[in-house]
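Structure first, commentary second.
Here the structure is a predicted model, which is why all the values come from computation and not from measurement. We name chains A, B, ... by the order of the sequence lines, and we start the count at 1 in each one.
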2 protein chains.
Amino acid sequence: MPVELTASQALNLWHGVSLEQVRIDNRDLTLRQISILLHIYLVPPPHTVRGLAGILGVTKPVITRALDTMGDLGLVTRSRDERDRRNMIIKRTVDGALYLEKLGDLIIDQGRKLSI
Amino acid sequence: MPVELTASQALNLWHGVSLEQVRIDNRDLTLRQISILLHIYLVPPPHTVRGLAGILGVTKPVITRALDTMGDLGLVTRSRDERDRRNMIIKRTVDGALYLEKLGDLIIDQGRKLSI
DNA sequence: GCTGAAAGAAACGCTTCCGTAACGGTCATG
DNA sequence: CATGACCGTTACGGAAGCGTTTCTTTCAGC
């Protein structure tokens with residue numbers, strides 16, 4: 001069941017969520033980091049550095065750095081793939097799930113506030 | 001007319017839009033910059049540095065820097081307020097409007113792709 | 001006119017990001 | 001057991017972000 005939005009609704013939704021996210025959270029992830037985080041949590045594993053780099057259209061060091069940062073924040077973890085020890089498997093954490101749960105609530109709240 | 005989203009829809013919407021935005025646009029604005037840009041374009045003027053700082057809950061230099069960056073990108077302009085020459089009035093540009101128009105289209109497209 | 005407050009910008013030292021390039025560890029093929 | 005390919009990380013110089021602090025300009029009240 002698709003969600004039909006007007007141009008005004010779409011931008012107002014984005015505006016409200018971005019604004020609240022900036023006001024609430026001091027971590028200030030970049031759009032790339034948010035993309036990576038959402039991808040890890042919404043798309044079935046396994047997730048690798050190379051795979052994410054390809055999907056986002058960025059270089060591998062970008063992914064490594066983003067994982068370093070979000071790892072420090074406790075939002076993701078990674079461990080070596082024992083089947084092919086060249087690979088790193090990127091995994092979810094409880095804190096990461098909580099972070100996205102709050103983001104989801106924010107989006108839902110802002111959606112409710114919309115009018116035509 | 002509110003927009004009712006499920007948690008899954010909300011995050012999938014954000015995921016799709018973030019991912020496409022990262023893939024398409026090399027400018028990679030921060031969430032703060034996007035908030036400022038949307039605020040300028042969606043909320044009636046006038047907009048000042050101090051006002052934006054208060055709304056976003058950040059310091060004034062953050063706004064100044066964001067306006068510098070987005071000014072270089074052609075997304076906003078500012079000019080001195082002739083009624084009170086201490087103030088700067090932040091204004092929209094054609095490029096900024098185009099940028100947000102594309103963002104709006106992206107959100108609408110991703111909304112259409114959603115399913116429960 | 002002076003003086004103090006206000007608005008925005010600039011300066012400072014620091015952190016984090018970028019892209020490119022080089023690097024070690026691991027697998028696969030001969 | 002070499003050799004080449006592959007994966008992720010690290011190193012590098014540079015750009016841009018941060019918060020705090022210090023101007024510079026302008027207004028307002030006496």
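- Residue Arg32(B) contributes atom CZ, which lies 14 Å from atom P of dC17(C) at whole-angstrom precision.
- Side-chain contact between Ile24(A) and Leu106(A) is present, with at least one heavy-atom pair separated by less than 4.5 Å.
- Using a 4.0 Å cut-off on heavy atoms, none of the residues of residues 14-23 of chain A approach DNA chain C.
- Leu29(B) is listed as a side-chain neighbour of Leu75(B), based on a closest heavy-atom distance under 4.5 Å.
- In this structure a side-chain-to-backbone donor-acceptor pair under 3.5 Å is missing from Thr48(A) to Asn87(A).
- Taking atom CD1 of Ile63(A) as the reference point, atom P of dG8(D) lies 10 Å away to the nearest angstrom.
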Show the distances under 3.5 angstrom between N or O atoms of the protein and N or O atoms of nucleotides 27-30 of chain D.
residue: dC27(D); atom: OP1; partner: Arg85(B); partner atom: N; Å: 3.0

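- Of the candidates dG17(D), dG8(C), dT20(C), the closest approach to any side-chain atom of Thr59(A) belongs to dT20(C).
- Hydrophobic clustering of Ile, Leu, Val, Met, Phe, Trp and Tyr side chains at less than 4.5 Å, counting indirect connections, unites Ile63(A) with Leu42(A).
- Using a 4.0 Å heavy-atom cutoff across all strands shown, Arg80(B) reaches no nucleic acid atom at all.
- Counting distance only, with no hydrogens placed and no angle test, the side-chain atoms of Arg65(B) and the base atoms of dG19(D) include a donor-acceptor pair under 3.5 Å.
- Using cut-offs of 30° and 60° for the angle between ring planes, the His47(A) and His39(A) rings count as perpendicular.
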Next on the checklist: Working note: Arg112(A) + Asp109(A), criterion salt bridge (charged side-chain N to carboxylate O under 4.0 Å, His left out); need CA distance, chi angles, decisive distance, verdict.
Outcome noted: CA-CA 5 Å; Arg112(A) 288 210 187 93; Asp109(A) 287 349; 3.6 Å; yes
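- Following rounding to the nearest Å, Leu67(B) (CG) and dA16(D) (P) show an atom-to-atom distance of 16 Å.
- To the nearest angstrom, C1' of dA16(D) lies 17 Å from CG of Leu31(A).
- Of the possible polar contacts, none joining the Thr30(B) side chain to the Thr30(A) backbone as a donor-acceptor pair under 3.5 Å is found.
- Hydrophobic clustering keeps Met88(A) apart from Ile40(A) (ILVMFWY residues linked when any side-chain heavy atoms are closer than 4.5 Å, directly or through intermediates).
- Nucleic acid contact for Thr30(A): none, since no nucleic acid atom lies under 4.0 Å from a heavy atom of the residue.
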